[in-house]
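Only one structure is covered here, and it is reproduced in the block below.
Atom set for the values below is all heavy atoms of this structure, side chains included, hydrogens, waters and symmetry mates excluded.
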Amino acid sequence: MESRLVIYNTLTRQKERFEPINAPHVGMYVCGPTVYGDPHLGHARPAVTFDVVFRYLKHLGYKVRYVRNITDVGHLEHDADEGEDKIAKKARLEQLEPMEIAQYYAHRYHQAMDLLGCQRPSIEPCATGHIIEQQQLVQQILDRGFAYVSNGSVYFDIEAYNKQYQYGILSGRSLENIKDASRDNLDGVGEKKSQADFALWKKAQPEHIMRWPSPWSDGFPGWHCECTAMGRKYLGETFDIHGGGMDLVFPHHECEIAQATASMGHQAVKYWMHNNMLTINGQKMGKSLGNFITLEQFFTGQHPLLEKAYTPMTIRFFMLSAHYRGTVDFSNEALVAAERGLEKLTNAIGDLERIQPSAACDAETERVVKSLRERCYDAMNDDFATPQVISCLFEACTVVNKLVDHKATICADCLKELTEVMHLFAEDILGLKAEKSGSGDEREAAFGRVVDMVLDLRARAKAAKDWATSDKIRDELAAAGFEVKDTKDGVTWRLNK
């Protein structure tokens with residue numbers, strides 16, 4: 001199939017037409033969480049970003065295999081080659097088995113991503129379930145002369161690799177810059193040929209809980225190995241998209257490229273995609289800064305920096321209001337604005353059911369409706385420009401509001417088109433679902449019928465020139481949060497949430 005979609009490729013630093021290797025099949029690998037703590041905003045952004053990519057590619061007709069890993073071993077403190085595994089440390093502190101920690105926080109992660117409206121990936125492999133594949137990868141790199149064994153650990157030989165290939169191709173860093181940056185790092189001193197070399201397999205110290213037998217030592221794989229090994233296992237030696245946060249470009253994804261090339265003689269990934277970072281009130285999020293907020297705290301409002309609770313769809317909407325390659329700064333003011341924007345969109349979609357078609361459209365309505373679908377596609381095809389999609393949908397919301405207030409007219413065909421496009425892009429592609437208060441669809445419908453009945457009583461009072469009763473009903477409805485508008489063609493109402 002011919003694709004109009006263009007994607008910004010971090011590897012080439014330019015937008016490229018999306019042409020899958022084996023269309024209509026698409027392979028997409030996204031780096032998932034290290035499960036040793038509650039999910040936070042840093043977990044949410046790549047999940048939402050690549051959920052939209054997943055949804056849109058499927059909508060275009062591609063058969064997508066979406067693989068997202070769970071890191072449950074090998075992720076050391078400070079992402080270095082020394083230190084304590086983050087999951088093992090948490091297990092030691094809480095006196096639990098490491099797999100209890102991993103299982104608990106993986107479940108918490110899934111719960112939060114479900115609330116954010118993220119579809120589950122096709123495959124979600126765990127690092128601990130693929131130790132054999134990682135050992136095979138290490139052996140292949142050793143066999144091709146790009147790694148060495150030192151004191152039971154195995155290190156990637158960057159000098160040897162760089163003589164034949166180029167290390168730093170993704171991040172744009174030169175080998176000399178990488179060496180300079182690593183001179184102050186004493187991790188593994190005495191074992192590595194160069195401090196820039198990274199661990200493929202680490203020999204476990206006696207106190208290390210998580211360990212597996214290998215030809216080199218009882219130990220555990222380096223953090224970078226899991227994605228290379230599992231991506232190849234489930235997507236093949238070459239696949240289309242590898243995604244993750246921009247903070248993973250170096251060293252993680254740079255090391256992945258080196259490992260794949262060293263083991264196979266060629267790169268594995270065609271398009272590298274990276275979402276940008278999150279800040280809170282202009283500062284990087286971090287526990288040491290006191291601005292670290294988990295998703296559960298956002299959903300409940302239980303954090304000193306939060307003025308109120310924010311729903312999962314508000315968080316999702318706010319993320320999609322910025323391009324995935326742009327930074328996102330969270331503040332209460334910005335989230336309140338997102339809350340209002342989401343309400344505007346969901347109200348308009350709900351109001352579509354109340355609109356009665358006319359014999360013809362007015363010119364402005366016809367212009368907006370007939371161009372809406374194409375403009376939304378143009379935005380999505382331009383590297384998933386979700387802010388532009390939302391802007392187009394807001395223009396459609398203005399049309400809906402005019403139609404509800406009987407200030408515009410729409411024919412049946414255009415009403416059908418408007419309804420289809422707004423549902424398609426807002427719900428199916430952007431994943432923005434109306435959040436119910438728990439009353440259910442049947443109770444919502446009954447609620448609407450009661451309001452209509454009260455307004456009918458008000459209309460009878462007006463017809464009888466009982467202005468006191470008419471005004472009292474209107475004022476009581478306003479006090480309860482209902483906005484009632486009298487127009488020349490009748491009366492309209494909505495609930496101001």
Side-chain angles (χ1 to χ4, degrees), residues 7 18 20-36 39 43-75 87 99 102-138 140 212 221-245 248 252-253 255-257 259-260 263-264 267-275 384 431:
I7 295 176
F18 181 63
I21 298 167
N22 296 305
H25 298 275
V26 172
M28 181 171 75
Y29 189 101
V30 177
C31 286
T34 302
V35 284
Y36 69 100
H43 294 120
R45 194 166 195 201
V48 170
T49 294
F50 292 100
D51 179 63
V52 171
V53 174
F54 185 37
R55 287 168 178 268
Y56 190 58
L57 290 176
K58 288 192 296 180
H59 169 70
L60 292 180
Y62 294 110
K63 298 179 179 178
V64 187
R65 178 175 290 174
Y66 172 17
V67 180
R68 185 181 66 203
N69 67 298
I70 294 286
T71 297
D72 56 359
V73 68
H75 200 157
I87 294 171
M99 286 301 100
Q103 184 74 19
Y104 175 78
Y105 286 112
H107 178 65
R108 298 274 288 176
Y109 172 80
H110 289 139
Q111 285 181 316
M113 297 310 113
D114 288 346
L115 289 172
L116 287 169
C118 296
Q119 297 181 349
R120 296 288 180 98
S122 314
I123 304 172
E124 196 169 45
C126 295
T128 54
H130 297 79
I131 299 298
I132 292 174
E133 288 84 357
Q134 293 179 75
Q135 289 180 351
Q136 290 171 339
L137 171 67
V138 174
Q140 288 170 343
W212 290 264
W223 169 39
H224 312 304
C225 287
E226 63 178 286
C227 293
T228 304
M230 294 190 295
R232 183 165 64 185
K233 178 178 177 67
Y234 295 110
L235 298 175
E237 290 196 354
T238 56
F239 57 91
D240 299 295
I241 297 172
H242 194 314
L248 298 178
H252 185 48
H253 289 164
C255 293
E256 279 194 60
I257 289 177
Q259 290 171 161
S263 63
M264 299 185 296
Q267 293 188 42
V269 180
K270 187 173 182 180
Y271 305 96
W272 285 89
M273 293 181 65
H274 293 91
N275 62 271
F384 309 98

Check the surroundings of atom CD1 in Ile132: do more than 12 heavy atoms from other residues, nucleotides or ligands lie under 6.0 Å from it?
no
Hits for ring pair (Phe, Tyr, Trp, His ring centres under 6.0 Å) against His107, two or more places apart or cross-chain, chain-then-number order -> none
With a 4.5 Å cut-off on side-chain heavy atoms, are Ile70 and Pro33 touching?
yes
Heavy-atom closest pair (Ala260 atom, Ala268 atom, distance to 0.1 Å) is CB-CB, 4.1 Å
Taking the side chain as every heavy atom from C-beta outward, state whether Val67 and Met230 have any atom pair closer than 4.5 Å.
no
Spatial distance of atom CZ (Phe54) from atom NE2 (His59) [nearest 0.5 Å]
14.5 Å
For residues 63-75, which residue pairs qualify under salt bridge (charged side-chain N to carboxylate O under 4.0 Å, His left out), counting only residues two or more places apart or in two chains?
Arg68-Glu124
Side-chain contact, heavy-atom cut-off 4.5 Å: Cys118 with Val48?
yes
Mind listing the closest non-hydrogen atom pair of Tyr62 and Pro20 along with its distance?
CE2-CG, 3.6 Å
In short, salt bridge (charged side-chain N to carboxylate O under 4.0 Å, His left out) pairs touching residues 105-120 with sequence neighbours left out are Asp38-Arg108, Arg108-Glu296, Asp114-Arg120
Val30 and Val53, any side-chain heavy atoms less than 4.5 Å apart
no
Decide yes or no for Tyr29 and Asn69: does some side-chain heavy atom of the first lie under 4.5 Å from some side-chain heavy atom of the second?
yes
Within a radius of less than 6.0 Å around CD of Gln103, do more than 12 heavy atoms belonging to other residues, nucleotides or ligands occur?
no
Looking only at heavy atoms, the pair that brings Gly245 and His274 closest together is O-CD2, 3.4 Å
Separation between CG (Leu137) and CE (Met264), nearest 0.5 Å, reads 8.5 Å
Any pair counted as salt bridge (charged side-chain N to carboxylate O under 4.0 Å, His left out), so long as it reaches residues 227-243, sequence neighbours left out
Glu133-Lys233
Taking side chain as C-beta onward, heavy atoms only, is Pro46 less than 4.5 Å from Cys31?
no
All ring pair (Phe, Tyr, Trp, His ring centres under 6.0 Å) counterparts of Phe50, not counting sequence neighbours
none
Parallel, tilted or perpendicular: which fits the ring planes of Trp272 and His242, with parallel below 30° and perpendicular above 60°?
parallel
Going from CG on Leu57 to CD1 on Ile7, what distance comes out if it is rounded to the nearest 0.5 angstrom?
6.5 Å
Centroid-centroid distance, Phe18 to Tyr56, less than 6.0 Å
no
Heavy-atom nearest pair, Ala127 first then Val73, reads CB-CG1, 3.8 Å
To the nearest 0.5 Å, how far apart are CD1 in Ile241 and CG in Leu235?
10.5 Å
Quick check: do Phe384 and Met273 have side-chain heavy atoms less than 4.5 Å from each other?
yes
Minimal non-hydrogen separation, His252 against His224, with atom names
ND1-ND1, 3.0 Å
For side-chain contact (heavy atoms from CB on, under 4.5 Å), just list the numbers for Ser263 and Gln136, CA-CA rounded to whole Å, side-chain angles, deciding distance to a tenth of an Å, and then say yes or no.
CA-CA 10 Å; Ser263 63; Gln136 290 171 339; over 6 Å; no
Residues forming a side chain to side chain contact (heavy atoms under 4.5 Å, CB included) with Thr49, sequence neighbours excluded:
Arg45, Asn275, Tyr324
Ring centres of His130 and Tyr234 under 6.0 Å apart?
yes
To the nearest 0.5 Å, atom CE of Met99 lies from atom CD1 of Ile87 at 6.0 Å
For the OH atom of Tyr66 and the CZ atom of Arg55, what is their distance to the nearest 0.5 Å?
11.0 Å
Is there side-chain contact between Gln134 and Ile131, with at least one heavy-atom pair below 4.5 Å?
yes
